[in-house]
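For reference, the structure discussed in these notes is given below.
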Amino acid sequence: MTPQELASHLARILADIIAERGEGAAEGGDRSGTGAAATGIEVTEADTAVERPKNREHGDWASNAAMKFAKRIGANPRELAQEIASRVAGIDGVAKAEVAGPGFINITLDAASAGETARRIVEQGAAYGTGDSLRGERINLEFVSANPTGPLHMGHTRWAALGDSISRVLRAAGAEVTNEYYINDAGAQMDKFGRSVLAAALGEDTPEDGYPGEYISELGRKVIAEQPDLPDLAAVDRGAALELAQELAYRQQLAEIKDSLERFNVHFDVFFSERTLHAPGDLVGDDSGDRAPSPIEAAIDRLREQGHVFEDHGAIWVRTTDFGDDKDRVFTRGNGIYTYFAADAAYYLSKKDRGFGEKIYLLGADHHGYIGRLTAIAGAAGDDTEKDITVLIGQLVNLDGARLSKRAGNIIELDDLLEWLGSDALRYWLARYPADSPLALDGEKLRSRTNDNPVFYVQYAHARTCAVDRNAAAAGVDRSAFAPELLTHETEAELLGKLQEYPRVVAGAAELREPHRVARYLEELAAAFHRWYDNCRVIPQGDEPVEDLHRTRLWLNDAAGQVIRNGLDLLGVSAPERL
RNA sequence: GCCCCGGUAGCUCAGUGGAUAGAGCACUUCUCUCCUAAAGAAGGUGUCGGAGGUUCGAUUCCUCUCCGGGGCACCA
């Protein structure tokens, strides 16, 4: 019996009771309806979800449904709880159901009923924990989106780890997710980047307000290596040389960013170029030589048709205040050039046109001023500002005692962190805190291989399950028997309970976009596994014979390993078979 | 001035209205002739920043307030 099944039973029982009481009231002459529907009170499984009590004396699972519904149906909470409990006790697989406190229903399962979970998990394998709570949703998840004018640094690292894990969790809940990276490859920053690289390639001083950093010099060398006649070109046509250098450096830098992300086990489905938003459309078909408007122009036209665009002082504005923004925003500057925000608007429409329902933006706290205007664009585009757009704001990362980058001055690069700490430790640490929680990287802790470092604690538990598996094979313990009623040790009940919680943890993490819940869960699961391991042997000692208990425990060991693997995968962390 | 996010054990932090608020670290003491001791067991800590309110019940929701961080561009 899983907690989901238990919740389902509870919902049915509660609905029955409400219906019966409704009939009783009707006989009294107050009402004419029959059944739960007639009372207007609906019971869903969410209402009757059971939780794992902190105190083991409170049974395997507890429900507060009686307290939730007592008032609405005019019943005494404890009496209602008692009525529910007496019916729950009759369910096959339930050992007992008791009322406690103000109206909690504490339920204890038969060992066999709980133990059945182990086999189910093994049979479902990697699919255990996946669900369909977000089935049918097409989600666009944009994160990192760092300018392609330099290497990824620590500021991007948290969003890379978090975004990729959010994506995995959403997919586990059945959503169709596209991971997207917006490349700011148009505008002044790119010009500055190009001038800096060209200067470096030609051996000139860094231009005023150009980019500093050793990586610019490296890019300059790479550009020269690829295009040795660049200095000659620069001598005759500086503009052409600049364009060429900028383009080569951009491609090189973007390729390096992609490499870094892959090493970090972070995958993007789409790299979306801002330039494509500025580019004119195709030739129109009337031989005039005219072109269709660029996506930005088209976007402004569309918003104008919706009545949200106006002109003032020679600039084009969008009335975002209609949708709760602090102030209206401009699309064109005085010199006629489109603002960054105009591209943002066109980009949003692109996402909408590509069929995405919810668009999620993962931004740093320094961008929190963007919430209002992005939400307003969603509204202006005719979307539901509650459901179709989500802006997740995360706090920034501090690093204590970090080594500084050798290449880029004060910037700490993702590549340096990877080399120093390793992908697993880094990803796990960054994913185990809520996005809005301040987070500090402690290099010493992340390099340590003790309880200090939770990723090793979890990975060790997994490696242990693998070691048990190997040793069981050698000792002649196989899977030829499965007798769940033998799993009666209290650490086995605890471990089984934890394993049963996993699907709901994944669903909750997806619903709230909080993958840290998976990490915290894994730590609890690992602890339950370690305690079980210390108390219950899978392999007989000495000359003891192999019994069904050992074979059944092997199934439980397999199940624990499977769930740890599944969970770590959601975080993009490996599950080694040996440490 | 306005907006956002924090404030929970000595430290770092969990805790989407429920029972005695938890974990790791730090400190003390135990447990490997037996599946990985990178583990387990035992030991104690809290005005959940403060004050009101909603509720059968508030660390959780609302209002005010104190402290800390961030943000309020015709920049990108």
Side-chain angles (χ1 to χ4, degrees), chain A residues 51 53-55 57-58 62 64 67-68 70-71 76-77 100-104 106 147 149 184 186-192 274 312-317 326-327 329-343 364-372 391 393-396 398 432-440 442 445 448-454 456-457 459-461 463-472 474-475 477 491 508 511-512 514 516-517 519-521 523-524 526-527 529-542 544 550 553-554 557 578-579:
Chain A
E51 19 179 80
K54 292 166 203 152
N55 189 336
E57 290 168 14
H58 294 154
N64 59 10
M67 291 181 287
K68 277 187 185 167
K71 193 169 190 177
N76 174 295
F104 291 99
N106 295 332
N147 285 352
T149 56
N184 296 124
Q189 292 301 318
M190 282 299 288
D191 294 342
K192 193 197 287 189
E274 182 190 350
D312 187 39
H313 287 81
I316 300 174
W317 294 70
D326 297 341
K327 58 187 79 167
R329 307 286 169 178
V330 292
F331 275 156
T332 56
R333 305 200 301 248
N335 56 13
I337 295 174
Y338 292 112
T339 60
Y340 194 80
F341 183 59
D366 53 342
H367 283 73
H368 115 268
Y370 279 65
I371 299 174
V391 183
I393 295 295
Q395 295 296 311
L396 305 177
N398 300 311
R432 94 183 270 268
Y433 298 94
D436 53 12
S437 165
L439 185 155
D442 183 332
K445 186 175 279 191
S448 76
R449 306 190 137 222
T450 67
N451 229 345
D452 247 1
N453 191 351
F456 281 103
Y457 182 77
Q459 286 183 322
Y460 178 57
R464 257 187 167 176
T465 67
C466 296
V468 169
D469 182 61
R470 289 189 295 268
N471 293 324
V477 179
T491 60
E511 184 193 338
L512 299 167
E514 292 186 344
H516 77 274
R517 289 167 185 276
R520 300 291 171 161
Y521 165 81
E523 289 163 34
E524 292 170 12
F529 173 78
H530 286 309
R531 276 193 292 275
W532 172 73
Y533 176 92
D534 268 24
N535 284 281
C536 299
R537 293 189 56 87
V538 172
I539 295 159
Q541 293 186 56
E544 291 174 10
H550 302 112
R553 282 177 173 166
L554 183 56
N557 180 75
R578 300 170 195 270
L579 288 185

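To find a chain, count down the sequence lines: A is the first, B the second, and so on, and within it residues start at 1.
Look at Phe104(A) and the base of rA19(B); the rings stack, centres closer than 5.5 Å and planes less than 30° apart. Using a 5.5 Å limit on the distance between ring centres and a 30° limit on the angle between planes, the aromatic ring of Tyr533(A) counts as stacked on the six-membered base ring of rC35(B). With centroids closer than 5.5 Å and planes inclined by less than 30 degrees as the test, His58(A) and the base of rA19(B) pass as a stacked pair.
The distance between atom OH of Tyr338(A) and atom P of rA73(B), rounded to the nearest whole Å, is 23 Å. Spacing between atom CZ of Arg520(A) and atom C1' of rU16(B) amounts to 16 Å, rounded to whole angstrom units. Distance CD (Glu514(A)) to P (rC13(B)): 17 Å, rounded to an integer number of Å.
Distance noted for atom P between rG49(B) and rA21(B): 15 Å (whole Å). Separating the P atom of rU65(B) from that of rU47(B) is a span of 25 Å, rounded to the nearest Å. Nucleotides rU31(B) and rU36(B) are separated by 16 Å at their C1' atoms, to the nearest Å. The gap from the P atom of rG52(B) to that of rA42(B) amounts to 39 Å, rounded to the nearest Å. Taking the P atom of each, rG70(B) and rU55(B) are spaced 40 Å apart, rounded to whole Å. The same atom, C1', is picked in rA14(B) and in rU54(B); the two are 27 Å apart, to the nearest Å.
The side chain of Pro434(A) approaches rG15(B) more closely than any other nucleotide in the set rA38(B), rC74(B), rG15(B). Picking from rA19(B), rG40(B), rG15(B) the nucleotide with the shortest atom distance to the side chain of Arg517(A) gives rG15(B). Comparing rG15(B), rU20(B), rG70(B) against the side chain of His368(A) picks out rG70(B) as the nearest. Side-chain proximity of Arg537(A) to rG70(B), rA39(B), rC35(B): nearest is rC35(B). The side chain of Arg333(A) has rC75(B) as its nearest neighbour among rA19(B), rU20(B), rC75(B). The side chain of Leu512(A) lies closest to rU16(B), out of rG40(B), rC74(B), rU16(B). Closest to the side chain of Ala62(A), out of rC35(B), rG6(B), rA19(B), is rA19(B).
Counting non-hydrogen atoms under 4.0 angstrom, Phe331(A) reaches nothing in the nucleic acid. Asp469(A) comes within contact range of no nucleotide atom at all, as no heavy-atom separation falls under 4.0 Å.
Remark: Arg464(A) engages no residue in a salt bridge (charged side-chain N to carboxylate O under 4.0 Å, His left out) (not counting sequence neighbours).
The base of rG70(B) has none of its N or O atoms less than 3.5 Å from a complementary donor or acceptor on the side chain of Asp366(A). The base of rA19(B) sits with one of its N or O atoms less than 3.5 Å from a complementary donor or acceptor on the side chain of Asn106(A).
The main-chain N or O of Thr465(A) is found under 3.5 Å from a side-chain atom of Asn557(A) such that the two form a donor-acceptor pair.
Pairing for rG1(B) is with rC72(B), a Watson-Crick or G-U wobble pair whose two hydrogen-bonding atom distances lie under 3.5 Å. With both pairing distances under 3.5 Å, rG22(B) is matched to rC13(B) as a Watson-Crick or G-U wobble pair.
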